[in-house]
Amino acid sequence: MEEKYNVIIVGAGTAGLMLARELGKFRVKTLVLDRKKDLLNFSFNTLGSFINLDQFGLTRNVVAQDIDTICFHSKRVKSKLKTNLFVLDKKKVHEELIESIDTNYVTFLTHTNITNLKKNETGKVIAITDKKGKEFYADIFVDASGTAGVLSKKVGLINKKTELATGVEYNVKYKGKVTELHLLMGKDYQGGYGWIFPLKDKRAIIGFGTFDEKIVKDLKSRLHQILELSSIKKIVTKDNDIIEGGSIPITPVLDKFIHYNLVCVGDSVSQVNPIVGEGYKFIFEAAIMASKAIHKTIANKNLKHLHDYETEWKKRFLLNYQRSKRTQTKFFKYSQNNILMDYILFISKFFIPKKRAVNSLSGEYGLESK
Ligand SMILES: Cc1cc2nc3c(=O)[nH]c(=O)nc-3n(C[C@H](O)[C@H](O)[C@H](O)COP(=O)(O)OP(=O)(O)OC[C@H]3O[C@@H](n4cnc5c(N)ncnc54)[C@H](O)[C@@H]3O)c2cc1C
């Protein structure tokens with residue numbers, strides 16, 4: 001007889017780990033499955049984030065670099081915005097999360113690739129299965145499998161073919177100011193934008209991501225072209241060929257994350273912020289909301305409480321995300337035109353109040369919707 005858990009989480013990434021930690025605190029018997037062998041092996045290693053570390057129980061150990069200024073670069077205009085944020089070390093964030101998970105209640109099983117689910121006649125999920133056909137049983141299932149959306153796609157919460165923005169990065173030599181993070185905009189960034197995240201020891205990450213699927217197939221050569229721009233050469237020098245990167249979902253804003261006893265968190269239901277692609281802060285919040293709803297559901301033996309998570313998410317994020325999405329769509333269009341981008345940057349330098357600019361950028365667009 002298979003062991004039955006209260007909750008099975010598919011995916012031990014950003015969302016899955018935070019959710020596992022919170023469920024452990026509630027003493028919920030949880031199994032976390034991941035297809036990876038090594039949970040700390042990533043396709044990219046640094047993150048820009050406006051996160052409040054204390055809010056999520058993280059220490060300063062996860063900070064790769066403190067930032068006090070964002071420099072925006074278009075073809076001819078440079079504009080600076082004073083604000084505090086972090087460049088985070090992804091591996092350290094995940095290490096801290098794993099260490100803080102109560103293993104009396106939470107069990108990990110790696111190298112387990114989930115491929116399917118079994119529903120009963122009412123639509124309720126009764127089991128999930130891995131590639132080898134092994135079945136796993138629980139009262140509640142969670143899809144935290146990121147852009148794979150292995151369960152969320154099966155039940156139709158998200159389209160099977162998800163729109164993705166894809167980015168590539170190099171770790172390079174850095175000649176700029178260590179507390180200045182750069183955002184690069186305009187035609188050279190072909191339907192997206194670039195970023196330079198400073199690190200310690202005169203290193204930085206330079207990346208370029210696009211929303212334009214046509215560009216994705218030769219992203220690496222496009223990044224090479226960017227590295228040859230004279231404005232970029234002044235700040236960074238490429239000295240190795242190790243390329244990193246990945247994809248984030250850019251679907252229309254969703255607000256349904258539950259199907260009977262299946263709860264979806266993170267990129268599996270496109271919870272990354274539409275405007276800057278910041279996932280951590282928002283996905284952590286969503287995972288905490290989901291953990292409370294799951295705990296209440298188990299305590300009251302009533303699945304209706306799972307919907308508290310959707311209700312809370314909508315209250316906190318829906319307006320924010322809808323506004324961010326509209327801006328992202330405009331940005332995609334305008335970013336292909338250098339003159340327009342120069343103009344926008346010039347105008348925003350003088351006419352957008354600092355607080356509003358920071359709120360928009362940090363994804364707290366509609367603060368009034370909190
Ligand atoms: C290039 C790039 C740059 C980014 N930069 C930033 C940034 O600067 N700041 C920021 O906050 N966010 C950034 N993000 C976004 C952020 O990384 C994501 O939004 C976030 O990690 C998503 O978390 P998640 O838990 O939903 O998915 P993930 O963290 O991707 O976790 C999904 C997990 O599920 C596992 N999995 C997948 N399929 C299966 C399966 N079938 N069976 C079992 N396990 C499975 C995977 O192995 C993985 O461990 C960036 C993303 C990319 C790609």
Side-chain angles (χ1 to χ4, degrees), residues 8-20 31-51 56 64 67 85-90 93-94 97-98 108-117 128-132 134 136 141-154 158 164-170 181 183 192-197 205-210 216 219 223 243-250 257 264-287 290 361-363:
I8 293 181
I9 301 174
V10 181
T14 316
L17 289 178
M18 179 55 83
L19 182 59
L31 174 67
V32 187
L33 304 171
D34 202 291
R35 67 182 172 191
K36 284 184 188 170
K37 276 188 192 162
D38 174 4
L39 294 180
L40 299 176
N41 182 11
F42 302 116
S43 64
F44 65 102
N45 288 290
T46 45
L47 305 156
S49 184
F50 285 89
I51 205 165
F56 300 113
I67 302 296
L85 67 149
F86 301 114
V87 176
L88 297 177
D89 181 326
K90 186 170 161 95
V93 174
H94 287 238
L97 287 175
I98 291 170
F108 283 88
L109 190 59
T110 54
H111 206 199
T112 305
N113 189 350
I114 296 301
T115 52
N116 217 337
L117 52 76
I128 53 174
T129 49
D130 74 1
K131 215 175 171 180
K132 296 174 191 151
K134 185 172 161 54
F136 298 88
F141 296 88
V142 177
D143 188 350
S145 68
T147 49
V150 63
L151 306 177
S152 61
K153 287 179 184 170
K154 288 241 159 19
I158 193 161
L164 297 171
T166 304
V168 284
E169 299 181 333
Y170 279 119
L181 181 150
L183 289 180
Y193 54 88
W195 58 86
I196 300 173
F197 291 171
I205 298 292
I206 181 165
F208 155 57
T210 180
V216 168
L219 219 51
L223 180 55
I243 196 141
E244 303 193 319
S247 297
I248 56 170
I250 49 158
F257 310 130
C264 303
V265 190
D267 281 354
S268 70
V269 275
S270 200
Q271 285 175 341
V272 62
N273 186 275
I275 194 162
V276 279
E278 176 161 355
Y280 274 58
K281 188 173 87 155
F282 302 99
I283 291 173
F284 281 165
E285 275 201 54
L361 212 67
S362 65

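Both backbone and side-chain heavy atoms feed into the values below; hydrogens, waters and symmetry mates do not. Note that ligands are numbered from 1 as they come in the structure, with each ligand's atoms numbered from 1 the same way.
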Counting heavy atoms under 4.0 Å, the part of Tyr280 that contacts ligand 1 is both
Heavy atoms of Ala287 and Met18 approach each other most closely as CB-CG, 3.8 Å
Ranking Ala148, Gly48, Gly11 by closest non-hydrogen atom to atom 7 (C) of ligand 1, top hit is Gly48
For Gly13, the ligand 1 atoms with a heavy-atom partner under 4.0 Å come out as 25 (O), 29 (O), 31 (O), 33 (C), 49 (O)
Gly266 heavy atoms within 4.0 Å reach ligand 1 at atoms 26 (O)
So for Ser43 against ligand 1, with non-hydrogen atoms under 4.0 Å, the contacting part is neither
Atom 25 (O) of ligand 1: closest protein heavy atom, distance to 0.1 Å, is Ala15 N, 2.8 Å
Quick note on ligand 1: atoms under 4.0 Å from a heavy atom of Ile283 include exactly 19 (O), 20 (C), 22 (C), 23 (O)
Atom 26 (O) of ligand 1 has as its nearest protein heavy atom Asp267 N, 2.7 Å
Would you please determine whether Asp130 falls within less than 4.0 Å of ligand 1 on a heavy-atom basis? no
Closest to atom 1 (C) of ligand 1 among protein heavy atoms sits Gly246 N, 3.7 Å
Notebook entry, point to check: Are the side chains of Phe50 and Asn273 in touch, meaning some heavy atoms are under 4.5 Å apart?
Noted result: no
Does Phe282 have a non-hydrogen atom less than 4.0 Å from ligand 1? no
Quiz item: Can you find a heavy atom in the side chain of Asn45 that is under 4.5 Å from one in the side chain of Glu244?
Solution: yes
heavy-atom search around atom 37 (C) of ligand 1 in the protein gives Ser145 O, 3.3 Å
task: Please confirm whether the backbone N or O of Thr115 pairs with a side-chain atom of Lys154, one donor and one acceptor, at under 3.5 Å?
output: yes
* **Cation-pi check, Lys134 onto Phe136 ring (under 6.0 Å, within 45° of axis)** => yes
The closest protein heavy-atom partner of atom 27 (O) of ligand 1 is Gly146 CA, 3.3 Å
**Any N or O of Val272 closer than 3.5 Å to N or O of ligand 1** = no
Within-shell test, Ser49 vs ligand 1, heavy atom, strictly < 4.0 Å
no
Per-atom filter on ligand 1: closer than 4.0 angstrom to a heavy atom of Asn113 are 40 (C), 41 (N), 42 (N)
Honestly, for Val10 the part within reach of ligand 1 (heavy atoms, under 4.0 Å) is side chain
Quick note on ligand 1: atoms under 4.0 Å from a heavy atom of Ser247 include exactly 53 (C)
Restricting to heavy atoms, the pick from Lys281, Lys37, Lys36, Arg35 nearest atom 45 (C) of ligand 1 would be Arg35
among protein heavy atoms, the one nearest atom 14 (N) of ligand 1 is Gly277 O, 3.6 Å
| query | Distance only, no hydrogens: is a donor on one side chain within 3.5 Å (strictly under) of an acceptor on the other, for Glu278 and Ser49? | reply | yes
In terms of heavy-atom contacts, Ala290 and Val265 come closest through CB-CG2, 4.0 Å
- Output yes when a side-chain donor or acceptor of Ser247 lies under 3.5 Å from a complementary backbone atom of Leu164, and no otherwise. no
In short, Ala286 meets Gln271 closest at the heavy-atom pair CB-OE1, 3.3 Å
Quick one: does any side-chain atom of Asp143 pair with a main-chain N or O of Leu151 as donor and acceptor, under 3.5 Å?
yes
shortest atom 3 (C) of ligand 1-to-protein heavy-atom contact is with Phe44 CE1, 3.6 Å
re atom 12 (N) of ligand 1, the protein heavy-atom contact at minimum distance is Gly279 N, 3.0 Å
If we ignore hydrogens and angles and just use 3.5 Å, is the side chain of Lys90 paired with the main-chain N or O of Phe42 as donor and acceptor? no
> For Thr14 and ligand 1, does the shortest N/O to N/O distance drop below 3.5 Å?
Replying inline: yes
Out of Asp34, Ile248, Val269, the nearest non-hydrogen contact to atom 51 (C) of ligand 1 is supplied by Ile248
Minimal heavy-atom distance between Ala12 and Val32, with the atoms involved, is CB-CG1, 3.7 Å
Would you indicate whether the side-chain heavy atoms of Val150 and Ile128 approach each other to under 4.5 Å?
no
Ligand 1 to Thr112, heavy atom cutoff 4.0 Å, flagged ligand atoms 42 (N), 43 (C)
Near Phe197 (heavy-atom distance under 4.0 Å), the atoms of ligand 1 are 8 (O)
Taking the side chain as everything from C-beta on, heavy atoms only, tell me whether Phe141 gets closer than 4.5 Å to Val10. no
For Ile114, the ligand 1 atoms with a heavy-atom partner under 4.0 Å come out as 40 (C), 41 (N), 42 (N), 43 (C)
What one should report as the nearest heavy-atom pair of Gly245 and Ser43 is O-OG, 2.6 Å
Is there a side-chain contact between Ser268 and Ile158 (heavy atoms, below 4.5 Å)? no
